[in-house]
Each structure stands twice: as structure tokens, then as C-alpha cells.
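Notes follow once the structure below has been shown.
Hydrogens, waters and symmetry mates are skipped; everything else that's a heavy atom, side chains included, is used. In the text below, chain A, chain B and the rest are named by the order of the sequence lines, each starting its count at 1. As the structure is a computational prediction, the values presented were derived from the model and not from experiment.
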Amino acid sequence: MAAADSPSAALRRRDLCSRGIRLAGKMRVDVIDLLDAYVERQGLDVSSLDSSVAAVEGVPLAAVERWDEQTGTQRLLENLAAYRAFRALLAQMLEEQREQLGEADAGLGRALASVLLQVSAFAYHLEELLRLESRGVPGEEEEEEGEEEEDRPPPPPRLSIFEQKLRGLGVLRELAQWAVRSARDLRQLSKPSPATGTASGLAESP
Amino acid sequence: DSPIQYERVGADVTMKCGSMDWDAAVTWTVNGTDIHESLLNGSYLILKNANLSQSGQYACYEGSSWHLKYQTYLRVGMPPKEPVLMCRSNNYPKGFYCSWHLPTPTYIPNTFNISVIHGTKDMVCERDAIPKNRCHIRYLQLFSTVKYKVTLTVTNALGRNSTTLTFDEFAIVKPDPPESVVAKPVPNNPRRLEVSWQNPSSWPDPESFPLKFFLRYRPLILDQWQHVELSDGTSHTITDAYAGKEYIIQVAAKDNDIGTWSDWSVAVHATPWTEEPKHLTTEAQIT
């Protein structure tokens, strides 16, 4: 862990964390604006949908128990897995939106694309932080836990348009929560550890 | 101990003297004082359109023997109106508290029951000893999009009522106001005031959950406030104060990302530094 503890690594970590926190803040503001536009353009009545939107399949939930007890590595890995999933989900939403609304709503498409870009940038940021800790960055294939071709579940049936809209709502809501959680996670990461003088949580062994 | 009888304000109350016949000769008392026979119908005591002042200890005695035949403590009151419920997290991310009160008194004892549901999970809201109309709950999860549903039921002998609040984790976050606000003049600077304050002590982790602040100030002689929003730090220098005028200054706090602004802090007063008129100083030196 010598590399992780060097003064230059500590500075780089602090720099990545503070930039990440700003990125997360901007992302949250943009996601909330996008959420409002999405609800309006897709004609969704949010008050009647609250229970249906909960725990949409495939959407990483920001909700976490014992958040304060997580190690730095856990935080980075969970964040990375989430933002990689959001990257795929937002790309899918963009595709669906183009099919449904075509050129009629280029504004919504642009807003979705902008958030997708920020999500990709944030995922890259997290990979940099993991590399800094000499932690291997999990490849995206590894996250499917080495399933064999034959064992993979069949692709899910194509959703109806209403189901697509509902999932889109779930994606954006959870992403807005993640953006808040990520800022908090990065602040935890950038706290100096009292014993070692390095960022707390990251000097711990896996 | 005599049993307690609860009746509504405005109700017509009939009290029977135990097992005594209607035509038995009896004497009724309230709080030890005889009740006039005009209020009796036979041996029954009739209280029409009961009012609060008629609450008390009622007793009925057999006419000649003065044996106590019946006793009751009458409490006149009202069924509860819909209670007022408020939930707030001033110690995020530890948990939140809910507090309640009745909009109008019932004049009789009430019991309050509170239930908190998060999704499908029942949570226990621990009652505070003081104040007793409050309970607190620890967050088991953070960053959840699932709403919390809090239902408060108030019950008394004459009826019950309830109210429900539904909210999400972020919406109820409202810190306590900043503490120890201090405002001082800056020597040799007639237009400056240095203001400093501290995070509210109830906010458990300002490092991971930093607060931002809103400062407002005005000279006492004007009604219009100046506002400054500060995203970090717990001090600020006002640089546009009117020379020689006394100022009133307050600060409010909010989590950087979520929730609402706190109430304003206690107001502090300060006047910018002014130069001592030279001739007065000279006179003081001579004497």
C-alpha cells in the first residue's frame, strides 16, 4: 500500500474526490431537471405511480444499510457498479425515446444524452480512484460473475411503452439519489484518517 | 376510588342512584355540596347540555340513612379533533423525530399511538420522556426512494381521530439554526462587520454532511434585509455596512444537497467601528 499512502497519491485522491463531488452535484441538478421534463413529456402522473415505480428491475438502488460502516473500497465498487448500470440504462432510454418520440422531442433527447455523458465521466472518475488505490478495476464482464453462455438467463421480454416510461422514471429517480449518495461517499473517502494520515477507509485491507 | 364517567360537552347526562328506585328519596352532592332538587327527576340526577364546569365528584345518598349509594367522577370533555403531526430530521443522517399536538384541548385524558412504515417494513418510533408528545426513529437505510408513512392516532373515552404524513428521506431534513453567532466591528474599518457562527450541535457529522449558510443583515432603522448565501465556512465579513449604524444579523443553515433551511438563528446586534472624534479624546487626556 506504499503507493496509495504517498503524499502525491494522497493529493491526487483528494483532487479526484473534490472534482467528483462537484461532478456529482452538477449531475444531480441536471437529473432533477431531466426528471421534471421526462414526467411532463411522457405524460406520467407521478402521484398515482409511487408504489409501482419502487424497485424497478435492473435499476441499482441507492438505498443502503449501515452506510457509515462501509469501507472506502466498498464505496468505490458499489458506486462503480451502479454508474456502469446507469450508463447502459440511459443508453437504452435514449434509444427508446428516439423510437417513441422521434425528432418531436430533441430537447429531451439532448438532456438524456448530457446526463449519460456525465454518468460516463463519473464512472471513469471512480475507476481512476480505484486505480489509485492499486485496487483492480473490475472489468464489466466480471460483474456478470463469470456466467457461461448457456447459463445466462434469456433476454427479458421487450417492455410495453408504458413499462418503458415507468422504468425510465425509476432510473432517473434512483440516479438522483445516487448522485447525493456519491457526493457523501466521496466526502467520506477524502476524510483524513487519524492514524495513518491517509484518506479514511482506503488504507484498510480488502 | 369511584369510577370515572366521561361525557361530551353539550350532552344530556342522566345519573342513576345505583340500584335505588326512581321514586326513592335521595340526596345528590357534587364535590361535597348538595345539589338542588330542581335538577332531579325522581332519584335521577339530570344534567342538561353538560358543560366543563360540571366535571367533579358526584355522590348519591339514601334519604334518611345517608348511606352512600352511588359515586362517580364525572369528566366532561370532547372527542379529539384531527391531531397536528410534524416530522423532521435535524440530525441527518442519524434519524428523525415526529411531534404532535391537538389543535383544541379535549379536557380529558388522551392516548397517542404512532406507527411508522417504510415500504412494507414497520419501524418503531421510540417515545421521548420529555417532551412526551414526541418520538424518534433511527434510519435503518439511507438514500432510499421509498417513502415513509407516519400515522398518528389519538384516542380518548369519547372518540378517536388520526392523521397521516407521507414523505421521503430527503424532504424532512431541516437542521437546527446555527449557534453562537457573534458579530464584531473591524478596527479601523467603518463599513465592516465580522460575523462568525458554529454548526448546530445537533448536526452529527458536518464534515461528511456539510451545511451551507444564509446570512441576513440590516440596519435597525431599515426594514429591508441584505442576504448572502455561503457555501462553506462559518464566518463572513460584511463590507457594505452603513457607518455608525447598529445592525441586526441572523444566520440560517441547510444541508448542502437536501432538505430545507433551518429557522433563523438568534439575532445579534453590532455596530461598525467608528473613529473617536479627536477633540473629545484630547479633553479626556487633559482631565
Side-chain angles (χ1 to χ4, degrees), chain A residues 17-18 21-29 31-32 35 46-47 49-56 59-70 72 75 78-79 82 169-194 199-201, chain B residues 89 91-96 116-124 137-151 164-175 199 202-213 229-234 253-260:
Chain A
C17 284
S18 53
I21 290 166
R22 282 198 296 277
L23 234 169
K26 163 101 176 68
M27 194 162 45
R28 180 172 186 240
V29 169
V31 170
I32 288 174
L35 198 47
V46 171
S47 55
L49 289 175
D50 270 344
S51 48
S52 343
V53 180
V56 178
V59 178
L61 295 181
V64 57
E65 294 185 8
R66 297 195 174 90
W67 173 84
D68 51 333
E69 294 172 19
Q70 288 197 324
R75 293 180 197 280
E78 284 188 23
N79 271 267
L169 185 62
V171 167
L172 294 177
R173 274 186 175 172
E174 283 304 324
L175 181 55
Q177 299 293 99
W178 266 104
V180 176
R181 177 177 163 182
S182 301
R184 314 288 196 191
D185 279 323
L186 292 178
R187 283 197 194 101
Q188 288 289 91
L189 281 168
S190 56
K191 265 182 180 174
S193 162
S200 74
Chain B
S89 174
N91 62 345
Y92 190 80
K94 277 199 175 149
F96 64 91
V116 181
I117 301 172
H118 184 216
T120 54
K121 201 171 180 177
D122 275 314
M123 299 178 80
V124 174
I137 199 159
R138 291 184 79 77
Y139 279 124
L140 297 176
Q141 266 189 353
L142 288 181
F143 313 111
S144 172
T145 47
V146 175
K147 289 190 193 285
Y148 290 83
K149 185 171 155 180
V150 181
T151 302
T164 298
L165 265 187
T166 306
F167 52 83
D168 62 52
E169 181 188 315
F170 291 173
I172 60 164
V173 176
K174 178 180 170 177
N199 289 312
S202 50
W203 196 252
D205 187 2
E207 239 186 284
S208 307
F209 296 82
L211 295 171
K212 59 182 177 184
F213 301 96
E229 185 166 332
L230 303 152
S231 55
D232 56 23
T234 53
K254 181 183 168 304
D255 177 88
N256 223 27
D257 302 311
I258 62 176
T260 57

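Within 6.0 Å of atom NZ in B:Lys212, more than 12 heavy atoms from other residues, nucleotides or ligands are found, so the atom counts as buried in its surroundings.
Neither the backbone nor the side chain of B:Tyr139 comes within contact range of chain A, judged by heavy atoms closer than 4.5 Å. Both the backbone and the side chain of B:Leu142 come within less than 4.5 Å of a heavy atom of chain A. Using a 4.5 Å cut-off between heavy atoms, A:Arg66 contacts chain B through its backbone alone, with no side-chain atom that close.
With respect to chain A, the highest number of heavy-atom pairs below 4.5 Å among B:Ser144, B:Gly119, B:Pro210, B:Ser208 belongs to B:Ser208.
Salt bridge status for B:Asp205 with A:Arg184: absent, with no side-chain N to carboxylate O gap under 4.0 Å. Salt bridge annotation for A:Arg173-B:Asp168: absent, with no cationic side-chain nitrogen under 4.0 angstrom from a carboxylate oxygen.
Minimum interatomic distance between A:Lys191 and B:Glu207 (heavy atoms only, all atoms of both residues): CG-OE2, 3.3 Å.
Take A:Trp67 and apply the ring pair (Phe, Tyr, Trp, His ring centres under 6.0 Å) test, not counting sequence neighbours, and it matches B:Phe143, B:Phe209.
Here the CG atom belonging to A:Leu169 is positioned 10.0 Å from the OG1 atom belonging to B:Thr145, to the nearest 0.5 angstrom.
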Between B:Asp257 and A:Arg187, does the salt bridge (Lys or Arg N to Asp or Glu O under 4.0 Å) criterion hold? Intermediate values first, please. CA-CA 13 Å; B:Asp257 302 311; A:Arg187 283 197 194 101; 3.7 Å; yes

